[in-house]
Amino acid sequence: MAVMAVRGVRGAVQAEANTARAILDATKKLLQAMVRENDIKTEDIVSIIFTVTSDLNADFPAHGARELGWLDVPLLCATEIPVPGSLDRVIRVLMLVNTSKTQQEIKHVYLGETARMREDLAKKK
């Protein structure tokens, strides 16, 4: 039997605009890619922490997870540190999951322009 551990899966995506629909659509796209790339079942998700850049305030990214039906997953949203020169309209995710994968086997997902934020993780695919 494989040993289960709690592992962190990182991800990021840019919303097209500061609208509720753009935030929710980008969040869902990212979450779906993260679970697909790592063969994650919803019941194995321990919790998810979302951060957004300060220019995104039209809705909570957690609402996107709820729209996917993830009603039993604990979710938390926060604002990212406003570092000068950083990308705008970014939603970041730290998903904690129960898995038998090693840390080296986890595939972090950085969509679009956010791949340049963590080229070391984005290229790990």
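For the numbers below, each heavy atom of this structure counts, side chains included, while hydrogens, waters and symmetry mates do not. Numbers here are sequence positions counted from 1.
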> Going by the side-chain hydrogen bond (donor to acceptor under 3.5 Å, both in side chains) test, which pairs reach into residues 84-99, not counting sequence neighbours?
Replying inline: Gln14-Asp88
Less than 3.5 Å apart, which donor and acceptor atoms pair up between the side chains of residues 70-81 and the rest of the protein, not counting sequence neighbours?
residue : atom : partner : partner atom : Å
Glu80   : OE1  : Thr51   : OG1          : 2.5

> Any salt bridge (charged side-chain N to carboxylate O under 4.0 Å, His left out) pairs touching residues 8-18, not counting sequence neighbours?
Replying inline: none
> Does Lys29 have any side chain to side chain contact (heavy atoms under 4.5 Å, CB included) partners at least two apart in sequence or in another chain, and if so, which?
Replying inline: Leu111
>> Tell me which pairs pass ring pair (Phe, Tyr, Trp, His ring centres under 6.0 Å) where either residue lies in residues 30-61, with sequence neighbours left out.
In response: Phe60-His63
>> Could you work out, with side-chain hydrogen bond (donor to acceptor under 3.5 Å, both in side chains) as the rule, every residue matching Arg21, not counting sequence neighbours?
In response: Asp25, Glu67
> Can you name the residues that form a salt bridge (Lys or Arg N to Asp or Glu O under 4.0 Å) with Asp55, not counting sequence neighbours?
Replying inline: none
>> Which residues pass the side chain to side chain contact (heavy atoms under 4.5 Å, CB included) test with Ala58, not counting sequence neighbours?
In response: Asn18, Ile23
> With no hydrogens and no angle check, is any side-chain donor or acceptor of Asn38 less than 3.5 Å from a backbone partner on Ile106?
Replying inline: no
>> Would Val97 and Val46 count as a side chain to side chain contact (heavy atoms under 4.5 Å, CB included) here? Give the steps.
In response: CA-CA 5 Å; Val97 299; Val46 175; 5.7 Å; no
>> Give me each pair satisfying salt bridge (charged side-chain N to carboxylate O under 4.0 Å, His left out) with a member in residues 41-52, each pair once, sequence neighbours excluded.
In response: none
>> Please say yes or no: joined through hydrophobic side-chain contacts below 4.5 Å, possibly via intermediate residues, are Val13 and Val35 part of one cluster?
In response: yes
